[in-house]
Amino acid sequence: MTMLRSAMIAAALAASIAGAHAQTPGVTESEIKIGATFPFSGPASPLSNTGKGMIAYVNSINERGGINGRKINLVTYDDAYSPPKTVEQTRKLVESDEVAFLFGPLGTPGISATIKYVNAKKVPHLFVVSGVTKFTNFAEFPMTTTGLPSYDTEGRIYAKYITQTRPDAKIAILYQNDDLGKDFVNAFKGYLKDDFDKKVVASSYEVTEPTIDSHVVSLKSSGASAFLVAGTPKFAAQAIKKADEIAWKPLFLINFVSSSVSSTIVPAGPEKAVGIVAATITKDPNDKKWADDPGIKWYREFFAKYLPGADIGDNNYLFGTQQGQILEQVLKQCGNDLSRENIVKQSRSIRGLALPTVIPGVVINTGPESSMAYTQLQLQRWNGTTWEQFGSVLSADGK
């Protein structure tokens with residue numbers, strides 16, 4: 001009788017667990033299916049190495065046996081940085097592949113085109129790789145968390161740095177004509193207020209333009225002595241080369257997304273980029289000052305095993321690895337409750353997470369007050385061979 005009762009209880013428990021899993025697409029006893037889109041081709045393809053870094057880290061998780069007994073089935077598609085393609089591939093992930101959730105899709109235009117659809121479907125949309133400020137709005141996008149510092153935060157830090165370093169400077173901004181670029185312009189407007197129209201000259205470009213050389217020439221002729229490029233690596237590299245070619249030597253800043261040595265600095269010419277300033281959250285594995293750092297030692301070993309032949313100087317791989325570590329943290333916190341409700345809850349319940357390759361002092365804290373993984377940044381300057389950090393870690397309010 002006791003054995004029969006035990007068997008009945010076990011069967012009921014198994015049915016209960018199976019029922020819970022059945023309610024979350026993509027979840028079985030042995031696997032959780034997760035999806036993402038990346039620009040593996042197209043004008044922003046260097047950024048897709050973020051996806052390759054994340055894939056590599058997921059492979060390492062699976063080699064270690066997965067999380068809570070489940071392997072991660074990471075399904076990724078190329079959207080070519082084209083919003084219609086992102087829509088198509090995201091629908092495929094949700095409706096055909098039936099992923100449990102989306103994690104780390106990259107690209108402002110594509111996320112802009114899909115965020116309402118994903119939220120309407122009530123699919124967790126976690127740590128998306130864009131810093132667009134509107135994506136952090138809990139009320140409008142309750143299923144979304146962001147993986148980049150907001151462009152508003154980054155832009156205000158740059159505005160403060162420029163005005164403190166060169167108080168009387170006229171400021172030129174070359175920006176990508178989408179939410180990414182516009183957020184930076186709006187950040188400068190918010191910081192400079194009534195002085196914006198007097199101090200700033202801005203020029204936008206489309207990602208379909210083959211070159212932005214004419215924009216750089218025009219901005220130099222404005223008389224600006226400070227210059228910010230807010231876009232993606234291909235165009236940041238072009239701007240660095242053109243500014244050097246026309247002997248324009250402003251206080252030159254590029255955004256974090258474009259600060260990869262391999263994707264931006266090397267194509268532009270390392271010697272042409274000397275003095276350029278950018279914000280960061282990550283250590284540079286090629287910088288000798290981190291040579292004995294335990295986090296970078298770990299990363300070098302990981303990189304050699306899971307990304308053999310790739311360029312360790314490309315910050316996109318490192319950022320993607322960090323994305324994989326955040327995914328690991330969320331799944332660990334979920335335990336055996338992989339309902340979509342709990343997945344979102346845990347993504348917004350990360351406290352004091354310090355990743356091994358992140359700048360000391362920068363920690364991940366999410367919660368009701370913030371859906372952003374990162375709210376702190378460190379300024380750095382290119383010296384011809386590496387990035388040198390300077391000043392202190394700056395917080396989201398720019399202090």
Side-chain angles (χ1 to χ4, degrees), residues 46-47 49-50 52-53 56 148-149 154 157-158 161-162 165 226-245 248-304 306-323 325 354-362 374 376-394:
L47 295 177
N49 289 339
T50 292
K52 294 172 187 175
L148 279 180
E154 189 178 353
I157 286 170
Y158 293 153
Y161 173 70
I162 291 170
T165 307
F227 180 32
L228 168 67
V229 178
T232 46
K234 170 185 172 182
F235 299 102
Q238 287 184 5
I240 293 166
K241 286 173 78 170
K242 191 62 183 178
D244 179 76
E245 185 183 308
W248 186 24
K249 299 292 182 187
L251 174 60
F252 198 153
L253 298 91
I254 59 176
N255 55 323
F256 171 62
V257 168
S258 292
S259 64
S260 169
V261 175
S262 300
S263 300
T264 300
I265 303 298
V266 171
E271 72 290 347
K272 296 175 183 175
V274 172
I276 283 179
V277 171
T280 189
I281 53 173
T282 56
K283 301 168 185 172
D284 179 354
N286 283 338
D287 189 337
K288 290 176 183 173
K289 83 173 183 182
W290 303 115
D292 295 322
D293 178 78
I296 291 300
K297 282 184 173 180
W298 167 83
Y299 181 66
R300 286 188 167 279
E301 290 173 7
F302 162 83
F303 199 91
Y306 293 98
L307 288 160
D311 183 356
I312 199 167
D314 188 340
N315 188 63
N316 292 299
Y317 290 115
L318 189 148
F319 185 81
T321 302
Q322 292 174 185
Q323 285 283 94
Q325 291 172 319
L355 300 178
T357 53
V358 166
I359 292 284
V362 175
Y374 303 98
Q376 301 158 296
L377 288 160
Q378 168 79 58
L379 289 178
Q380 58 182 0
R381 187 181 290 108
W382 180 253
N383 68 9
T385 55
T386 190
W387 287 107
E388 289 181 344
Q389 282 82 45
F390 64 92
S392 57
V393 170
L394 303 169

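Residues Gln378 and Val362 form no side-chain contact, since every pair of their non-hydrogen atoms from C-beta on lies 4.5 Å or further apart. Contact check for Ile312 versus Asn286: side-chain heavy atoms found under the 4.5 Å cut-off. A 4.5 Å side-chain heavy-atom check between Val229 and Phe235 finds every atom pair outside the cut-off. The side-chain heavy atoms of Asp314 and Phe319, taken from C-beta on, include no pair separated by under 4.5 Å. Looking only at side-chain heavy atoms (C-beta outward), Lys297 and Asp292 come within less than 4.5 Å of each other. Residues Thr321 and Trp298 are in side-chain contact: their nearest non-hydrogen atoms beyond the backbone lie under 4.5 Å apart. Side chains of Thr357 and Thr282 form no contact here, defined as non-hydrogen atoms less than 4.5 Å apart. In this structure, the side chains of Arg381 and Val274 stay at 4.5 Å or more apart for every pair of heavy atoms.
Closest approach of Leu377 to Pro149, counting heavy atoms only: CD2-CG, 3.7 Å. Counting all heavy atoms, side chain and backbone alike, Leu307 lies closest to Ala56 at CG-CB, 3.7 Å. Annotation for Gly53 and Phe302: closest pair O-CZ, 4.5 Å, computed over non-hydrogen atoms. Listed here is the closest heavy atom pair of Ala268 and Ala237: CB-O, 3.6 Å. Pairing each heavy atom of Trp290 with each of Pro360, the nearest pair is CH2-CD, 3.6 Å. Between Thr264 and Ala236, the shortest heavy-atom contact is CG2-CB, 3.8 Å.
Scored by the ring-ring contact (aromatic ring centres under 6.0 Å, His included) test, Tyr158 finds no partners at all (sequence neighbours excluded). The ring-ring contact (aromatic ring centres under 6.0 Å, His included) search around Phe227 returns Trp248, Phe252, not counting sequence neighbours.
Once rounded to the nearest 0.5 Å, the distance linking CD of Gln323 with CG of Leu148 reads 7.5 Å. Note that CD of Gln376 is 9.5 Å distant from CD1 of Ile157, once rounded to the nearest 0.5 Å. Residue Asp311 holds its CG atom at 7.5 Å from OG of Ser260, rounded to the nearest 0.5 Å. Remark: Leu253 CG to Ser259 OG distance equals 12.0 Å, nearest 0.5 Å. Note that CD1 of Ile276 is 10.0 Å distant from CG of Leu251, once rounded to the nearest 0.5 Å. To the nearest 0.5 Å, atom CD of residue Gln325 and atom CD of residue Gln322 are 6.5 Å apart.
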Before giving the answer on side chain to side chain contact (heavy atoms under 4.5 Å, CB included), spell out for Ile359 and Ile281 the whole-Å C-alpha distance, their side-chain angles and the decisive distance to 0.1 Å. CA-CA 6 Å; Ile359 292 284; Ile281 53 173; 5.6 Å; no
Under the side chain to side chain contact (heavy atoms under 4.5 Å, CB included) criterion, do Val266 and Val261 qualify, and how do the steps go? CA-CA 6 Å; Val266 171; Val261 175; 4.0 Å; yes
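Looking only at atom types and distance, the side chain of Gln389 has no donor-acceptor partner in the side chain of Thr280 under 3.5 Å away.
Using modelled atom types, no side-chain atom of Asn49 and backbone atom of Lys52 make a donor-acceptor pair closer than 3.5 Å.
Note on residues 272-289: pairs passing salt bridge (Lys or Arg N to Asp or Glu O under 4.0 Å), not counting sequence neighbours, are Lys283-Asp293.
Checked against the 6.0 Å centroid criterion, the rings of Phe390 and Tyr161 qualify as a close aromatic pair.
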